[in-house]
Amino acid sequence: MKSVAVVLAVFLAYQCLAVRHPGPLVQPGGLSLSRTLSKPSKVGAMDLCSFCVDFAHNAIQTIGEAILEGGLTKGCQGLCAIVGNKTDSKAVELACDTLCVAVGFDEFVHAFQKADVDPIYYCELLNQCPIVDNGDATTTLFDVNPKSGPQGDFIFDVEYETKNGTGTGELLLLIDTVDQWPVGGSFLNEPQAPGKYGMKMTLHAVPNGGESFMPGDYNATLQICNGQCMSKHPHSKIYDTKKTNFTITPSD
Ligand SMILES: *[C@@H]1O[C@H](CO)[C@@H](O)[C@H](O)[C@H]1NC(C)=O
Ligand SMILES: *[C@@H]1O[C@H](CO)[C@@H](O)[C@H](O)[C@H]1NC(C)=O
Ligand SMILES: *[C@@H]1O[C@H](CO)[C@@H](O)[C@H](O)[C@H]1NC(C)=O
Ligand SMILES: *[C@@H]1O[C@H](CO)[C@@H](O)[C@H](O)[C@H]1NC(C)=O
């Protein structure tokens with residue numbers, strides 16, 4: 001599952017999520033997304049929700065494997081040692097320990113079994129992310145600049161409005177590419193107060209290992225969601241979906 005993690009350059013300490021939907025798989029090739037917000041949603045203290053989601057995004061697959069390998073009998077430390085080994089990351093192991101000890105071993109494992117591979121729902125079950133179910137968001141702008149140009153950076157402009165505020169969710173950008181290689185990225189969108197929000201996302205459309213970004217028409221889809229987009233779990237809903245397109249022209 002590591003191979004579907006999206007490579008994102010993250011600004012403003014925002015977290016990114018690998019896209020693990022049953023729908024289109026998002027491949028690492030070609031996409032370098034960054035986001036700048038015109039109105040930061042949150043400032044201040046240690047952010048438990050993004051800490052948890054970041055951890056779950058890196059490790060949720062591995063927790064399942066660790067449980068299967070006998071981690072259930074070993075308590076937080078034992079289980080997290082296996083997770084650390086599997087992810088080959090001391091940082092993930094530490095995050096695992098921190099979270100597991102904070103919520104308790106039984107709850108940690110139980111939430112995993114309930115959440116399957118949905119990091120946001122997992123962290124909601126662990127009370128690390130707020131749940132807001134009457135939220136909404138309507139996209140008021142989804143545009144790309146340039147509309148047409150050679151390989152290089154394409155900047156997506158996004159604006160949306162929420163009347164009730166939003167729940168802990170995800171902002172997902174998917175690109176249908178000419179060679180059918182799926183490209184996309186998503187960001188954790190923490191609960192926002194009612195208001196208007198805007199951000200820019202940059203697609204670094206240059207060939208690399210995976211996607212070739214050959215000349216042609218590309219469609220882009222934006223989804224703003226409560227929970228993980230397309231998740232079947234509770235507290236999940238697609239608030240809004242918008243599409244736009246752009247053209248990569250032959251370079252000379
Ligand atoms: C982690 O990996 C090391 C080296 O492969 C091994 O010696 C150790 O037993 C492993 N620990 C766990 C908890 O799996
Ligand atoms: C906003 O919240 C109210 C009260 O829960 C609800 O009735 C309404 O449908 C919500 N609006 C939207 C746009 O979801
Ligand atoms: C983009 O959408 C148009 C119209 O729906 C479709 O004809 C075209 O094949 C799509 N392009 C890609 C690359 O998916
Ligand atoms: C691109 O979007 C515009 C309007 O948003 C639409 O008219 C046009 O057909 C689309 N082009 C393709 C190739 O899908």
Side-chain angles (χ1 to χ4, degrees), residues 2 24 58-59 61-101 105 108-109 130-150 154-169 173-180 182-184 189 191-197 201 203 205 213-227 229 234-250:
K2 250 184 183 172
N58 286 319
Q61 211 78 25
T62 324
I63 297 171
E65 294 169 15
I67 288 172
L68 285 178
E69 289 176 19
L72 263 190
T73 59
K74 296 186 171 142
C76 285
Q77 233 184 16
L79 181 69
C80 292
I82 303 178
V83 168
N85 256 16
K86 286 184 169 298
T87 53
D88 200 17
S89 163
K90 205 69 197 166
V92 168
E93 179 177 342
L94 256 167
C96 180
D97 253 342
T98 306
L99 193 61
C100 184
V101 167
F105 183 68
F108 187 78
V109 169
I131 294 171
V132 180
D133 277 340
N134 71 336
D136 67 284
T138 306
T139 311
T140 50
L141 176 74
F142 181 43
D143 214 350
V144 55
N145 277 298
K147 279 299 275 184
S148 176
F154 289 81
I155 297 169
F156 293 88
D157 251 312
V158 176
E159 283 174 26
Y160 61 93
E161 182 169 11
T162 171
K163 292 194 157 51
N164 282 355
T166 62
T168 304
L173 177 67
L174 290 174
I175 317 278
D176 301 326
T177 61
V178 171
D179 61 7
Q180 314 284 308
V183 161
N189 220 17
Q192 290 167 313
K196 290 179 176 162
Y197 297 86
M201 294 183 281
L203 172 69
F213 288 108
M214 61 174 83
D217 295 329
Y218 289 74
N219 300 324
T221 306
L222 174 82
Q223 287 193 329
I224 305 176
C225 307
N226 188 24
C229 291
H235 319 301
S236 303
K237 176 187 181 183
I238 298 172
Y239 291 139
D240 201 10
T241 303
K242 277 279 187 310
K243 289 180 183 292
T244 188
N245 57 51
F246 60 97
T247 303
I248 296 183
T249 55

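Just so you know, ligand 1 is whichever comes first in the structure, and atom 1 is the first atom listed for that ligand.
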Item to check | ring pair (Phe, Tyr, Trp, His ring centres under 6.0 Å) partners of Tyr239, counting only residues at least two apart | outcome: none
Item to check | Under 2.5 Å between SG of Cys76 and Cys96 | outcome: no
Checklist entry - Does the side chain to side chain contact (heavy atoms under 4.5 Å, CB included) test come out yes or no for Asn189 and Tyr197, once each step is laid out? => result CA-CA 11 Å; Asn189 220 17; Tyr197 297 86; over 6 Å; no
Item to check | Full working for side chain to side chain contact (heavy atoms under 4.5 Å, CB included) between Ser236 and Asn226 | outcome: CA-CA 5 Å; Ser236 303; Asn226 188 24; 5.9 Å; no
Item to check | Test log, rule side chain to side chain contact (heavy atoms under 4.5 Å, CB included), inputs Phe213 and Leu203 | outcome: CA-CA 11 Å; Phe213 288 108; Leu203 172 69; 4.2 Å; yes
Checklist entry - Hey, mind stepping through Val83 and Glu65 against side chain to side chain contact (heavy atoms under 4.5 Å, CB included) and telling me if it holds? => result CA-CA 8 Å; Val83 168; Glu65 294 169 15; over 6 Å; no
Pairs of nitrogen or oxygen atoms, one from ligand 2 and one from the protein, closer than 3.5 Å: please tabulate them with distances.
{"unit_1": "ligand 2", "atom_1": "2 (O)", "unit_2": "Asn134", "atom_2": "ND2", "d": "3.1"}
{"unit_1": "ligand 2", "atom_1": "2 (O)", "unit_2": "Asn164", "atom_2": "ND2", "d": "2.2"}
{"unit_1": "ligand 2", "atom_1": "5 (O)", "unit_2": "Asn134", "atom_2": "ND2", "d": "3.1"}
{"unit_1": "ligand 2", "atom_1": "11 (N)", "unit_2": "Asn164", "atom_2": "ND2", "d": "2.9"}

Item to check | Element-labelled atoms of ligand 4 that are located less than 4.0 Å from some non-hydrogen atom of Asn219 | outcome: 14 (O)
Checklist entry - Under 30°, 30 to 60°, or over 60°: which ring-plane class applies to Phe246 and Tyr218, parallel, tilted or perpendicular? => result parallel
Item to check | ligand 4 N/O within reach of Lys147 N/O, cut-off under 3.5 Å | outcome: no
